[in-house]
Enquirer: 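Can you keep this structure in mind? I'll have questions shortly.
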Amino acid sequence: MAKKKFKNVKLEQIELEPVTIGVFENRRKSSLGIFIIMSIFILAVIFMPEISEFVNKLLEPEPTIKGPAYVPPQVTPPEDEEEPEQILYDYTTDLKIETEDLNFDTFNLDSENNTLTFNVFNISQKNVNITNLNYYVELYNEEQTLLQRTKLLGNNLEIDGNLSISQELAPDVASTLKKISIVKKSLVDYPPIYLTPNDEGIESIVCKNTYEEVTYIFQDNKLKSVNSVLNYPVTAENYLINYSNYSASASAYNNLTGVSALFSGNETTGLNVVINVDLTKAQRFYVYSADTFSLDTEPKVVSFEMKAQGFTCE
């Protein structure tokens, strides 16, 4: 009987390794997760109507309803006040003109001396300063073309007081004067002027007449000082009389606060007067026939009123 042969099998001695079959979760963590899920579910059930409405608005937005177009209310502009009509009177020696403050009569045109004189009466029932009233005498020819405009100047006039005024006329005005108007003006009636400063920020207006040159100095279009130069030749009419007057005036000006005056010349060669006025210290006054005006006066006032006093300004 044959014998069975058996093959020797060598068993490897391998160390046993652990094998994971399942994981048991921590009971506390599992309970927390269940609580969160249940809370979300309960909240979803409670707020389901709001959530449903929000989703519907996203999917089907409501059409925009346009209201009526805005119509601004109609505004009725205020009626413009009518300016008083300017009256031109025919020149006659018996002409009488009445204003709210003053009466004018006894007009006399002197063609030889080229002057117009008239009387002024205060009817305002109070003392007035004629210069401050801001009246202008305007002269016209037959075609109503303005020949000359002169500001009415004068000192205080008492109640019921009167004053005779003589105004020098420009060349050829006396021969063509036909109509007269007396007008009270306000600052809004003056045409505006805007000055260009130099490199130092200074602006100026220079006004001249036959013998005077007056420089008005501004900063930011506000008057600060005045420089006046008077050159009066010996050949001028009534030179000796005016020499004494101008010399005395220069001395008086030099005694004013904020004013310096330098007089030179004599009775045979002519005279020269240089006057500087610091308006931060000096009060308003007249340097010969030129108004100094007051501190911070606007350029348009200086230009308009100096032209009305017989000066040319630029």
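No experiment lies behind these values; they were computed from the predicted model shown. Note that the numbering runs from 1 along the sequence shown for the chain.
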Enquirer: Which residues pass the side chain to side chain donor-acceptor pair (under 3.5 Å) test with N114, not counting sequence neighbours?
Expert: none

Enquirer: For the hydrophobic clusters of this structure (ILVMFWY residues joined by side-chain heavy atoms under 4.5 Å, transitively), does one cluster hold both L116 and L163?
Expert: yes

Enquirer: Can you tell me which residue pairs pass the salt bridge (charged side-chain N to carboxylate O under 4.0 Å, His left out) test with a partner in residues 209-225, sequence neighbours excluded?
Expert: K208-E213, K224-D296

Enquirer: Apply side-chain hydrogen bond (donor to acceptor under 3.5 Å, both in side chains) to residues N221 and Y194 and explain how you reach the verdict.
Expert: CA-CA 7 Å; N221 284 278; Y194 302 98; over 6 Å; no

Enquirer: Under 6.0 Å between ring centres: does that hold for Y288 and Y246?
Expert: yes

Enquirer: Could you go through N134 and K151, starting from their C-alpha distance and side-chain angles, then the distance that decides it, and tell me whether this counts as side-chain hydrogen bond (donor to acceptor under 3.5 Å, both in side chains)?
Expert: CA-CA 7 Å; N134 227 36; K151 185 174 182 179; 3.0 Å; yes

Enquirer: What disulfide bond (SG atoms under 2.5 Å apart) pairs are there with at least one residue in residues 249-298, not counting sequence neighbours?
Expert: none

Enquirer: Applying salt bridge (Lys or Arg N to Asp or Glu O under 4.0 Å), can you list everything that pairs with D94, at least two apart in sequence or on another chain?
Expert: none

Enquirer: Tell me whether E168 at atom CD has more than 12 heavy atoms from other residues, nucleotides or ligands lying less than 6.0 Å away.
Expert: no

Enquirer: Taking side chain to side chain donor-acceptor pair (under 3.5 Å) as the test, write out the residues that go with N276, two or more places apart.
Expert: none

Enquirer: Check this for me: does any side-chain nitrogen of one of E305 and K300 sit under 4.0 Å from a carboxylate oxygen of the other?
Expert: no

Enquirer: Is there a chain of hydrophobic side chains (I, L, V, M, F, W, Y, each step under 4.5 Å between heavy atoms) that links Y243 to Y253?
Expert: yes

Enquirer: Enumerate the residue pairs fulfilling disulfide bond (SG atoms under 2.5 Å apart) with a member in residues 224-298, sequence neighbours excluded, ordered by first and then second residue.
Expert: none

